There are 4 protein chains.
Amino acid sequence: MARGNTRQRIQDVALELFGEQGYEKTSLREIAERLEVTKAALYYHFKTKEDIIISLFQDLTRPMDEVIEWGRTQPKTLDVKLEILRRYSEALIGAEPLFRFMQENQATMRELSIGEMFKERMHAMVDLLKDPDSAMSDRIRCFTALFSMHAGMFVLKDMEGDPEEKRTSILEVANDLVVQAHRNSRA
Amino acid sequence: MARGNTRQRIQDVALELFGEQGYEKTSLREIAERLEVTKAALYYHFKTKEDIIISLFQDLTRPMDEVIEWGRTQPKTLDVKLEILRRYSEALIGAEPLFRFMQENQATMRELSIGEMFKERMHAMVDLLKDPDSAMSDRIRCFTALFSMHAGMFVLKDMEGDPEEKRTSILEVANDLVVQAHRNSRA
Amino acid sequence: MARGNTRQRIQDVALELFGEQGYEKTSLREIAERLEVTKAALYYHFKTKEDIIISLFQDLTRPMDEVIEWGRTQPKTLDVKLEILRRYSEALIGAEPLFRFMQENQATMRELSIGEMFKERMHAMVDLLKDPDSAMSDRIRCFTALFSMHAGMFVLKDMEGDPEEKRTSILEVANDLVVQAHRNSRA
Amino acid sequence: MARGNTRQRIQDVALELFGEQGYEKTSLREIAERLEVTKAALYYHFKTKEDIIISLFQDLTRPMDEVIEWGRTQPKTLDVKLEILRRYSEALIGAEPLFRFMQENQATMRELSIGEMFKERMHAMVDLLKDPDSAMSDRIRCFTALFSMHAGMFVLKDMEGDPEEKRTSILEVANDLVVQAHRNSRA
DNA sequence: TATGAATGAGCATTCATTCAT
DNA sequence: GATGAATGAATGCTCATTCAT
């Protein structure tokens, strides 16, 4: 029996169950049972239920923060924008379960403190992709691009086809949208 | 105290609260209290909690069904497709709170019977918009078009601008995506 | 649709359901639903739930009362005792569902006013069968005789064999017990 | 306040109340209140309400199982049969409250899983007492013997006399029945 | 003879959380 | 680094009953 990694195991199981059933419908009893520990053990590692998902959010969104930080140091050329999308799309792979969770538990997100954190990140990304004086429809294009990247992977889960192919198809559609927005605002 | 409209009032308040706090976190006690009736009164009008939202779904999605029915009788020209989008966008207006609810409670939707009903409707719409032999990226374009129409209205709620203008902007973006898909599949 | 017999129909369905599921677990809603009337209709015919079963008890135990009344006018010979058993066994046939109900809902009976009524009847029967100075084991024989007649029919339901044959077999065993008691007390 | 015996105390109080008022009419609130714990504490020790009485059944019927096991190893002589009755009668003493409960809540028993367990035990006992080719009336004698032993103790509670004397009187009547059945089948 | 609408009290069950050990 | 035992608050739901119509 592995030692000292209980905290990690709790996170894994929690994300799995939150994803399957939603945050509200997943009880600490379930998490504890699947791990074969007692509920009280969870409380040794995390102060509250919300604490568990906050910790997940912080751990899993670091790669995305890095994309944003990198983007901020770059000029607003089309090439950079597309590179941001590409990196973002890759960063999303590891965080898929978390995004699936966030996507599917938005009502819950709003009351949890991480809801705000996520919104800020989203706006930061849009700011990198759009130009300062973009028309509304172009801002919507950028939004839609990001949005479909977040949602795409699991919404399209029941569409036939190879996952990696789907990801690049989604990326292609997102690219198109950003290219369009870029051109419109420079026209 | 008004008579005979209790059922309707329950639906109204329920949709409001489900939208604000999510389905799981909204208790029947809350709904009853806001209506100043007892919980048992809710059970006179609806057999279960799930029954309440099923009834909402059925009542509010009728206009969309009509769009789909109409679309099925039409030829698959680009003009028809754009007309479908336009009508669908309009049909969505009245159902906004419901879609907001569904968008934000996807984890819950999966266990509720209306989850399936919704998926079917979505597929029916995509079938009207895409051509039989479309490439994956074009099917994704159609999906994304619909998806952003559903989600757009409330996701963009905190973006400044007139709601009606937003709606037409979203429609414009959706149009572009469908036009693109249409052209690709005929090329 | 028959008229004016709703009261009777309520009694029939109630006894059926009380027998199937027990008194506590049978709700007025169920009775009403099976009759295709509203709960409120039941309250037009009976003041309370308990009232329904009291009325059943009164209607169905009349034949037994008649046996007891007859027995009281007779001398305490063995022949009379056996005739009492025979008549009682026959009287039980029509009341089988009621006895099944009472047998299976004794805990409930104790709180319902008919519990007492039944006990009195039982003692009256034992008094007819035993002699004034019987030994305890002979009183128990009489008790057991009656008891097995009450319980026998449904307890033995899952034993193979013809129902009428079972009834006469039970009666035979009861006869033996009473004969034995009679002889002991005269020995 | 005593520790570590809460489970036992719950069982004791539950059996007492189930016996007094019936299973359905006894609420967990009542049990908890009488024990001066919260309802939730009951759920720490038992998964459901039914679980409480299952545990009681299992704990209290062990002595009877032992009688049956012993009986199976013995030849089917009359002496053995009477010894089985004697041991069974003794085993019943400790289980009196449980049998009282089962006797008085038969309607409930039918839906609870222990209903079946009990039926099997009853059949196993009859098989030990009757001979393979017994006539129906002899099988009924065996049944009646057992039945009156189960029911006798509490049904006769309001009959005057010493409890231990009652028990042996009942046993005597049961003996007679089994002797009779034994002789008939060997005649 | 009924019904439609509602109530008040209650029930079994679940949950996040606490704390002494 | 964990457990055993418990709590307080809540939840969805059901029930017998009432009463104006």
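Everything quoted here is computed from the prediction, not taken from an experiment. In what follows, every chain begins at residue 1, and chains take the letters A, B, ... in the order their sequences are listed.
- Taking D/Asp12 as the reference, nothing meets the salt bridge (charged side-chain N to carboxylate O under 4.0 Å, His left out) condition, with sequence neighbours excluded.
- Rounding to whole angstrom units, CD of residue B/Glu33 and C1' of F/dA10 are separated by 12 Å.
- For DNA chain E, the residues of residues 48-60 of chain D within the heavy-atom distance limit of 4.0 Å (strictly under) are D/Thr48, D/Lys49, sorted by number.
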Give the dot-bracket string for DNA chain E, reading 5' to 3', where a pair is Watson-Crick or G-U wobble with both distances under 3.5 Å, ( ) marks pairs inside the strand, [ ] marks pairs crossing earlier ones, | marks a partner on another strand, and . marks unpaired. .||||||||||||||||||||
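- Scanning for ring pair (Phe, Tyr, Trp, His ring centres under 6.0 Å) contacts around A/Phe46 gives an empty result, with sequence neighbours left out.
- Checked against the 6.0 Å centroid criterion, the rings of B/Phe118 and B/Phe99 qualify as a close aromatic pair.
- Legend: residues meeting side-chain contact (heavy atoms from CB on, under 4.5 Å) with B/Tyr43, ordered by chain and number and at least two apart, are B/Leu28.
- Every residue meeting the side-chain contact (heavy atoms from CB on, under 4.5 Å) condition with D/Ala40, not counting sequence neighbours, appears here in chain and number order: D/Thr38.
- What separates CZ of D/Arg7 from C1' of F/dG4 is a distance of 14 Å, to the nearest Å.
- Considering only residues two or more places apart in sequence or on other chains, D/Lys25 meets the side-chain hydrogen bond (donor to acceptor under 3.5 Å, both in side chains) condition with C/Glu111.
- One atom, CG of A/Leu35, and another, C1' of F/dG1, lie 14 Å apart when rounded to the nearest Å.
- When the side-chain nitrogen and oxygen atoms of C/Thr6 are compared with OP1 and OP2 of E/dA2, one or more of them lie within a distance under 4.0 Å.
- Here the straight-line distance linking atom NE2 of D/His45 with atom NZ of D/Lys47 works out to 15.5 Å at 0.5 Å rounding.
- Note that CG of B/Leu60 is 10.5 Å distant from CD1 of B/Ile53, once rounded to the nearest 0.5 Å.
- With sequence neighbours left out, C/Arg34 forms a side-chain contact (heavy atoms from CB on, under 4.5 Å) with C/Val13, C/Glu16, C/Leu17, C/Glu20.
- Against DNA chain F, the stretch residues 40-47 of chain C makes heavy-atom approaches under 4.0 Å through C/Ala40, C/Tyr43.
- Look at CD1 on B/Ile31: it is 15 Å from C1' on F/dA10, rounded to the nearest Å.
- Between C/Thr26 atom OG1 and C/Gln21 atom CD the span is 4.0 Å, to the nearest 0.5 Å.
- Rounded to whole angstrom, the span from the CG atom of B/Leu112 across to the P atom of F/dG12 amounts to 13 Å.
- The side-chain contact (heavy atoms from CB on, under 4.5 Å) search around B/Asp59 returns B/Gln11, B/Arg62, not counting sequence neighbours.
- Each ring-ring contact (aromatic ring centres under 6.0 Å, His included) pair with one or both residues in residues 22-41 of chain D, not counting sequence neighbours, appears once here: D/Phe18-D/Tyr23.
- Distance B/Gln8 CD to E/dA5 C1': 17 Å, rounded to the nearest Å.
- Scanning residues 13-30 of chain C for heavy-atom distances under 4.0 Å to DNA chain F yields C/Thr26, C/Ser27, C/Leu28, C/Arg29.
- Using a cutoff of 4.0 Å between basic side-chain nitrogens and carboxylate oxygens, B/Arg100 and B/Glu96 are not scored as salt-bridged.
- Heavy-atom nearest nucleotides on DNA chain F were determined for D/Thr38 and for B/Lys39, and the one closer to the 5' end corresponds to D/Thr38.
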